[in-house]
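The chains referred to below are lettered A, B, ... by the order of the sequence lines, with proteins before strands, and numbering in each begins at 1. On a predicted model such as this, the values are computed, not experimentally measured, just so you know.
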Amino acid sequence: NAGVTQTPKFQVLKTGQSMTLQCAQDMNHNSMYWYRQDPGMGLRLIYYSASEGTTDKGEVPNGYNVSRLNKREFSLRLESAAPSQTSVYFCASRAGTSGLRELFFGEGSRLTVL
Amino acid sequence: AQSVAQPEDQVNVAEGNPLTVKCTYSVSGNPYLFWYVQYPNRGLQFLLKYITGDNLVKGSYGFEAEFNKSQTSFHLKKPSALVSDSALYFCAVRDPASGTYKYIFGTGTRLKVLA
């Protein structure tokens, strides 16, 4: 079972370059999330999508855009990368609509911006 | 606003001893609380959750957690630690009264179990 798949796993960018992190889940989950993980700061929510066709800002949305392409896929785009966006990015998904259920995480995408 | 605090950056425990990883929360309503574990270079894995009912919840790998409403805490426990339990542990909260689907995570506690 694939679960939540993120690509790429590693990426190095120069300041000002753009890129898209891809996320796909095969569990027919309604909700999908993007988090970033930084040392000493835990996981911070960037954007989330409660269901297909909707997206909402999290704690740290500046510098990012998202697209919920369909029920399976939720991409995160950096239009003009900055060194402050060096981080490990995690995509997650959740079944149901009530919020009782736990999150399922991908393996992470490690991004370095030079 | 909802928030989670994990007051210890690191917890060291000897193998075979009981372990506790602390978590306190702040929400406006009744919380949904979760514990996750992260092994090196991996994503987070779900351990257990409290939604309602019995204050002591049991989860994967022999872990359990106790919900204490008066102390707004949800500490993770295990009676006998294993070296393989060494990992990064995250507490998370969702406030169903917030009207959003946000899950807020603590900063994480690194558990080291010494042989």
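Side-chain contact between B/Y103 and A/Y35: present, with at least one pair of heavy atoms (C-beta onward) separated by less than 4.5 Å. Using a 4.5 Å heavy-atom threshold, the side chains of A/D56 and B/K102 count as separate.
Within 6.0 Å of CG on B/N30 lie no more than 12 heavy atoms contributed by other residues, nucleotides or ligands. Open room surrounds CZ on B/R42; 12 or fewer heavy atoms of other groups in view lie less than 6.0 Å from it. Residue A/N70 places its CG atom among more than 12 non-hydrogen atoms of other residues, nucleotides or ligands, all under 6.0 Å distant. Summarising the local packing, CZ of A/R72 is surrounded by more than 12 heavy atoms from other residues, nucleotides or ligands at distances under 6.0 Å. Counting non-hydrogen atoms of other residues, nucleotides and ligands closer than 6.0 Å to NZ of A/K71 gives a total above 12.
Side-chain heavy atoms closer than 4.5 Å link hydrophobic residues (I, L, V, M, F, W, Y) into clusters, and following such links, even through other members, never connects A/V4 to A/L45. With hydrophobic clusters built from ILVMFWY side chains whose heavy atoms lie under 4.5 angstrom apart, B/L19 shares a cluster with B/V57.
Note that the CZ atom of B/F105 and the CE atom of A/M41 stand 15.5 Å from one another [nearest 0.5 Å]. Atom-to-atom distance recorded for B/Y36:OH and A/L43:CG is 10.0 Å, nearest 0.5 angstrom.
A/E102 and B/F46 make their closest contact through CB-CD1, 3.3 Å (heavy atoms, listed as atom of the first residue, atom of the second, distance).
Interface remark: B/Q38 contributes side-chain atoms only to the contact with chain A (heavy atom separation under 4.5 Å).
Top candidate by heavy-atom pairs under 4.5 Å with chain B, chosen from A/Q6, A/E59, A/E107, is A/E107. For chain B, the option among A/G40, A/G108, A/A92, A/G42 with the highest count of heavy-atom pairs below 4.5 Å is A/G42. Chain B forms the most heavy-atom pairs under 4.5 Å with one residue out of A/Q37, A/R44, A/R110, and that residue is A/Q37.
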